[in-house]
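The structure follows.
Keep in mind that this is a model prediction, so the values were computed, not measured. Residue numbers run from 1 in the order of the sequence given.
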Amino acid sequence: MPQPVDTPPTMRAVSQDRAGTPDVLTVVETARPEPGRGEILVRVHAAGVNPADWKTRERGVFADGTPLPFTLGFDVSGVVTSVGAGVTVFRPGDEVFGMPRFPHPAGAYAEYVTAPARHFAPRPRGLDHTQAGALPLAALTAWQALVDTAAVRPGQRVLIHAGAGGVGHLAVQIAKARGAYVIATASAAKHDLVRALGADEPIDYRTQDIATTVRDVDVVLDSVGAATWSRSLRTLRRGGTLVSILPLDATFPSRQAEEAGVRAVFMLVEPDQQGLREISALIEDGRLRVIVDAVFALEQAAQAHVLGETGRTTGKIVLVPVPAP
């Protein structure tokens, strides 16, 4: 029977004890967690950096109400070092990736994390840890929005906002893999990229108004928010679906959506082992690739957040707590 890998009693982790700008993020030495029943302990080789991270840092409280101090991070790629009672799907030495515990704290900006075993899946063949660490939250968001929520079918017209962004560049590929005609907004400089990812029709959001240039769309995936809601509704055909991955608020034109005969929903991504396996299958079939814009050491978490908050990255940013062998 495989034995747990020898692990130190402490670990390095990025912590913050107050809300604020990226400089509140500091590396501390803290106790290494132990896996509970049904959980695994994973040595983190890569942790993706997401907008949810810098928004939580700035607010100083997690979406579930968890207060300071805490460690940010949801995306994980790494190696199982030990398993808790009752775990049968993984064993020490297995390479895994996942988005554990979301929207509750996972603490991925650290050398080790624990989480339910079924919040992880085997790392996709052909990806290193850095690439796999960039995937879970963004890819699951795109998959759950387009497949589980909107049920995209072959021949449908799908509009993806921010088609070169973290969620967007994966959503373009997933929609294309589902047989859709894909329209993607992006700056003109990124049109060649979104075409290479599978977009049939790039739209320059700086010079073109989708409300007047795009019509008869079946599904809109919105990761921008209030600035695009009304215009997005005008692109949809009756019976179409707008999926926002940003919460709808009082500014959302609900009456306009109802009058237009369209469905408008907010979707919160969830841990999903089956979704991870579906994403892995697309990767291994060569129909999905992840773009990593920048890689930072754990001690450079603040720099990673500064870059992310510019809103100008292509693909994902990744922290590397433990360099992959």
Heavy atoms only: give me the nearest Pro124-Glu284 pair and the separation to one decimal.
CA-OE2, 3.5 Å
Going by heavy atoms in the side chains, are Trp54 and Pro22 under 4.5 Å from each other?
no
Any donor-acceptor N/O pair, Asp209 side chain to Ala211 backbone, under 3.5 Å:
yes
Are the charged groups of Arg206 and Asp204 less than 4.0 angstrom apart, N to O?
no
Determine whether Leu233 and Val262 make a side-chain contact, defined as any pair of heavy atoms from C-beta on separated by less than 4.5 Å.
yes
Report yes or no: does Gln300 contribute a side-chain atom to a donor-acceptor pair with the main-chain N or O of Ala297 at less than 3.5 Å?
yes
Report yes if some heavy atom in the side chain of His305 is under 4.5 Å from a heavy atom in the side chain of Thr21; otherwise report no.
no
Treating Arg91 as the side-chain partner and Val87 as the backbone partner, does any N or O pair qualify as donor plus acceptor under 3.5 Å?
no
Are any side-chain N or O atoms of Thr185 and backbone N or O atoms of Ala162, one a donor and one an acceptor, separated by less than 3.5 Å?
yes
Using modelled atom types only, decide if a donor and an acceptor are shared between the side chain of Gln16 and the backbone of Gly60 within a distance under 3.5 Å.
no
Are Val269 and Leu170 linked, directly or through other ILVMFWY residues, by side chains that come within less than 4.5 angstrom of each other?
yes
Less than 4.5 Å apart, any side-chain heavy atom of Val14 and any of Leu72?
no
Roughly how far, to the nearest 0.5 Å, is OG1 of Thr241 from CD of Gln156?
8.0 Å
Test: Asp75 and Lys316 ion pair at under 4.0 Å
yes
Salt bridge or not between Arg57 and Glu309? Use side-chain N to carboxylate O under 4.0 Å.
yes
Test item: Phe120 and Ile40 side chains (from C-beta on) under 4.5 Å apart, heavy atoms
yes
Can a salt bridge be assigned to the pair Asp200 and Arg195 using a cut-off of 4.0 Å between side-chain N and carboxylate O?
no
For a 4.5 angstrom cut-off between non-hydrogen side-chain atoms, does Phe74 reach Pro271?
no
Give a yes or no on this: more than 12 heavy atoms of other residues, nucleotides or ligands lie within 6.0 Å of atom CZ of Arg312.
no
Measuring from atom CZ of Phe102 to atom OG1 of Thr141, what distance do you get when rounded to the nearest 0.5 angstrom?
7.0 Å
Backbone of His119 reached by a side-chain donor or acceptor of Gln273 within 3.5 Å:
no
Spacing of CG belonging to Leu282 relative to CZ belonging to Arg277, to within rounding of 0.5 Å
14.5 Å
Just wondering, more than 12 heavy atoms not from Gln274 lying within 6.0 Å of its CD?
yes
Audit row: Leu159, Ile203, side-chain contact (heavy atoms from CB on, under 4.5 Å) steps and yes/no:
CA-CA 10 Å; Leu159 171 61; Ile203 298 289; 5.5 Å; no
Do Tyr181 and Ile210 share a hydrophobic cluster (ILVMFWY, side-chain heavy atoms under 4.5 Å, transitive)?
yes
Between Asp222 and Ser232, a side-chain donor and acceptor under 3.5 Å:
no
Drop me the distance from Ser280's OG to Leu127's CG, to the nearest 0.5 angstrom.
7.5 Å
Step through it carefully: locate the ring centre of Phe62, locate the ring centre of Phe70, and say whether they are under 6.0 Å apart.
yes
Run the numbers on Thr235 and Val220 for side-chain contact (heavy atoms from CB on, under 4.5 Å), then give the verdict.
CA-CA 8 Å; Thr235 72; Val220 176; 3.7 Å; yes
Linking I/L/V/M/F/W/Y whenever any side-chain heavy atoms sit under 4.5 Å apart, do Phe266 and Leu242 land together?
yes
Heavy-atom nearest pair, Thr130 first then Val318, reads O-CG2, 3.7 Å
Distance in Å, Phe90 CZ paired with Glu39 CD, rounded so as to fall on 0.5 Å steps:
13.5 Å
Between Pro253 and Ser230, the two heavy atoms sitting closest are CG-OG, 3.6 Å
Heavy-atom closest pair, residues Ala171 and Leu221
CB-CD2, 3.6 Å
Are Arg43 and Thr7 close enough that a side-chain donor and a side-chain acceptor fall under 3.5 Å?
no
In the structure I gave you, are the side-chain heavy atoms of Pro33 and Met11 within less than 4.5 Å of one another anywhere?
yes
To the nearest 0.5 angstrom, please state how far the CG atom of Leu197 sits from the NE2 atom of His169.
7.0 Å
Could you pull out the closest heavy-atom pair between Asp53 and Val49, with the gap in Å?
OD2-CA, 3.5 Å
Under the side-chain contact (heavy atoms from CB on, under 4.5 Å) rule, what do Val158 and Arg153 come out as? Steps first, then yes or no, please.
CA-CA 10 Å; Val158 176; Arg153 302 185 303 277; over 6 Å; no
Cluster check Val295, Tyr109: I/L/V/M/F/W/Y, side chain < 4.5 angstrom
no
Backbone N/O of Ile283 and side chain of Arg289: donor-acceptor pair under 3.5 Å
no
Shortest non-hydrogen contact from Val172 toward Ala184
CG2-CB, 4.0 Å
Criterion side-chain contact (heavy atoms from CB on, under 4.5 Å) on Val80 and Leu41, from CA distance to verdict
CA-CA 6 Å; Val80 177; Leu41 175 67; over 6 Å; no
Are Arg157 and Asp216 close enough for a salt bridge, meaning some N to O gap below 4.0 Å?
no
Mind checking whether Tyr112 and Thr30 have side chains closer than 4.5 Å, heavy atoms only?
no
Is it true that Gln208 and Thr213 share a donor-acceptor pair across their side chains at a distance under 3.5 Å?
no
Quick check: is Val44 connected to Met99 through a chain of hydrophobic side chains (ILVMFWY, heavy atoms under 4.5 Å apart)?
no
